[in-house]
Amino acid sequence: MDRTVLITGASSGFGLRASVALARRGWHVIATMRDLGRRALLEDAARAAGVLERIEIHPLDVTNAGQIEAITSELGRRPVPLDAIVNNAGFALPGFADDVTDAELRQQLDTNFFGAAAVTRAFLPQLRRQGFGHIVMISSVSGRMGFAGIGSYSASKFALEGWTESLRYEMLPLGIQVVLIEPGAFETDIWTRNAKIAANLANPASPNAARVGRWREKIEGQQQKADPQPVIDRIVAVLENPRPKLRYVVGRDAKMGLLLRHLLPWPVFEWVIRKNTGLE
């Protein structure tokens with residue numbers, strides 16, 4: 001029997017590529033996205049890979065309780081189990097702390113944290129009845145380390161990390177595997193098309209106006225981001241591993257950053273971060 005996986009945020013980036021990769025390995029993929037008008041990229045990629053018939057596309061805004069209930073009910077009525085959930089939906093909100101509004105900060109956490117938690121909780125009754133299943137959270141190295149200019153994004157991922165670690169303790173005795181995947185910087189559109197720039201980031205009256213220019217110059221001048229295939233390979237490997245560990249860090253930059261944070265005296269590490277983000 002084909003294994004079934006539900007993936008959120010499948011219209012682009014990791015979600016799109018993971019949908020195609022898993023379909024190629026024989027999985028039946030429930031690919032969900034907030035805007036069905038963006039399904040063409042996934043359909044084209046799946047068609048080119050010869051796996052379009054293994055992917056079904058559904059609308060799912062992870063902040064919409066009605067849509068979460070609808071997809072949960074739909075899959076719950078099927079005679080086949082749900083083997084895995086990949087919580088990938090999310091966006092980035094660049095902006096300094098005093099330039100981000102309360103509404104923007106809440107929207108960031110609503111999608112990246114509360115949305116992932118809501119989708120997971122909605123399917124827990126089915127996974128408990130089955131007595132098996134994988135829950136994979138696409139987190140970030142920014143859930144382990146803060147960086148200037150993306151505090152809102154880091155806050156959402158820090159929250160996801162703590163909630164997921166606790167969930168793992170609760171679910172392991174029930175046969176349910178819970179995993180965090182923590183990528184570094186990869187070539188996806190989370191920082192381009194899927195980014196929502198804080199409204200005050202470019203405001204000349206902002207107290208950060210002078211610093212924003214240096215920050216943007218540093219960020220945009222960094223080396224080209226890596227191909228995301230290692231993240232896709234890790235997602236596939238985790239879903240096909242009956243006993244995965246809690247955390248998987250993916251990317252040379254992420255591994256190096258965490259290593260330096262562990263090895264360097266804190267004042268030195270702080271200086272490195274400030275210098276590399278144009279604040280020193």
Side-chain angles (χ1 to χ4, degrees), residues 2-33 41-42 45-46 48-49 51 54-58 60 62 75 81-92 111-113 115-117 119-120 123 127 132-144 156-157 160-161 163-165 167-168 171 176-191 194 225-255:
D2 289 346
R3 291 166 294 181
T4 300
V5 56
L6 179 138
I7 302 178
T8 67
S11 64
S12 63
F14 296 146
L16 186 154
R17 295 185 60 155
S19 296
V20 175
L22 288 163
R24 293 180 68 176
R25 293 186 63 83
W27 286 73
H28 181 72
V29 179
I30 312 296
T32 71
M33 58 190 67
L41 283 176
L42 173 57
V51 296
R54 288 191 170 274
I55 298 177
E56 56 178 291
I57 301 174
H58 291 263
L60 179 59
V62 299
L75 298 188
L82 178 63
D83 296 88
I85 301 167
V86 178
N87 284 295
N88 168 73
F91 74 94
T111 299
N112 292 11
F113 170 59
V119 170
T120 299
F123 282 103
L127 298 181
F132 66 89
H134 282 55
I135 300 169
V136 175
M137 304 292 195
I138 306 302
S139 182
S140 168
V141 68
S142 297
R144 303 270 298 277
S156 69
K157 294 300 186 179
L160 185 66
E161 292 267 335
W163 190 81
T164 302
E165 183 171 332
L167 181 67
R168 180 177 170 96
M171 293 296 109
I176 300 167
Q177 306 295 320
V178 180
V179 178
L180 285 156
I181 294 179
E182 303 166 335
F186 286 91
E187 192 61 55
T188 71
D189 53 7
I190 190 169
W191 294 106
N194 283 347
K225 296 180 177 62
D227 183 275
Q229 191 57 44
V231 180
I232 308 309
D233 293 341
R234 176 55 63 190
I235 294 171
V236 172
V238 164
L239 293 186
E240 297 185 349
N241 182 347
R243 292 181 178 82
K245 62 183 184 179
L246 170 61
R247 286 186 170 90
Y248 292 89
V249 181
V250 187
R252 185 171 179 269
D253 60 333
K255 294 176 181 177

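Values in this document were obtained by computation on a predicted structure and should not be read as measured data.
Residues M171 and L127 are not in side-chain contact: their nearest non-hydrogen atoms beyond the backbone lie 4.5 Å or more apart. The side-chain heavy atoms of L160 and N112, taken from C-beta on, include no pair separated by under 4.5 Å. Contact annotation: the side chain of F14 never approaches that of V86 to less than 4.5 Å [non-hydrogen atoms, C-beta and beyond].
When the side chain to side chain contact (heavy atoms under 4.5 Å, CB included) test is applied to R24, the partners found at least two apart in sequence or on another chain are V20, A49, V51.
Heavy-atom minimum distance, S156 versus F113: O-CB, 3.8 Å. Residue G26 comes nearest to R54 through the heavy atom pair O-NH1, 3.0 Å, listed as atom of the first residue, atom of the second, then distance. Scanning all heavy atoms of the two residues, the minimum distance from S140 to E161 falls at O-OE2, 4.0 Å. Scanning both residues, A23 and I55, for their nearest heavy atoms gives CB-CG1, 3.9 Å. Of all heavy-atom pairs between T120 and I135, the closest is CG2-CD1, 3.8 Å. When all heavy atoms are compared, the tightest approach of V29 to S19 is CG2-O, 3.5 Å.
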Which is it for I235 and I138 under the side-chain contact (heavy atoms from CB on, under 4.5 Å) test, yes or no, and what are the steps along the way?
-> CA-CA 9 Å; I235 294 171; I138 306 302; 3.7 Å; yes
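Checked by atom type and distance alone, the side chain of S139 never pairs as donor or acceptor with a backbone atom of L180 at under 3.5 Å. At distances below 3.5 Å, not a single donor-acceptor pair connects side-chain atoms of H134 with backbone N or O atoms of V179.
Rounded to the nearest 0.5 Å, atoms CG (L6) and CG (N87) are 8.0 Å apart. Atom OG1 of residue T8 and atom CG of residue L60 lie 7.0 Å apart, to the nearest 0.5 angstrom. In this structure, CZ on R25 lies 4.0 Å from CD on E240, to the nearest 0.5 angstrom. Here the CG atom belonging to L22 is positioned 5.5 Å from the CG atom belonging to L239, to the nearest 0.5 angstrom. Of the inter-residue distances, the one linking E56 atom CD with T32 atom OG1 reads 11.0 Å to the nearest 0.5 angstrom. With rounding to the nearest 0.5 Å, the separation of CD1 in I232 from CG in L16 is 9.0 Å.
Under the side chain to side chain contact (heavy atoms under 4.5 Å, CB included) rule, W27 has a single partner from I7, D2, D83, V236, which is D83.
Salt bridge K157/E182: absent, no basic N to carboxylate O contact under 4.0 Å.
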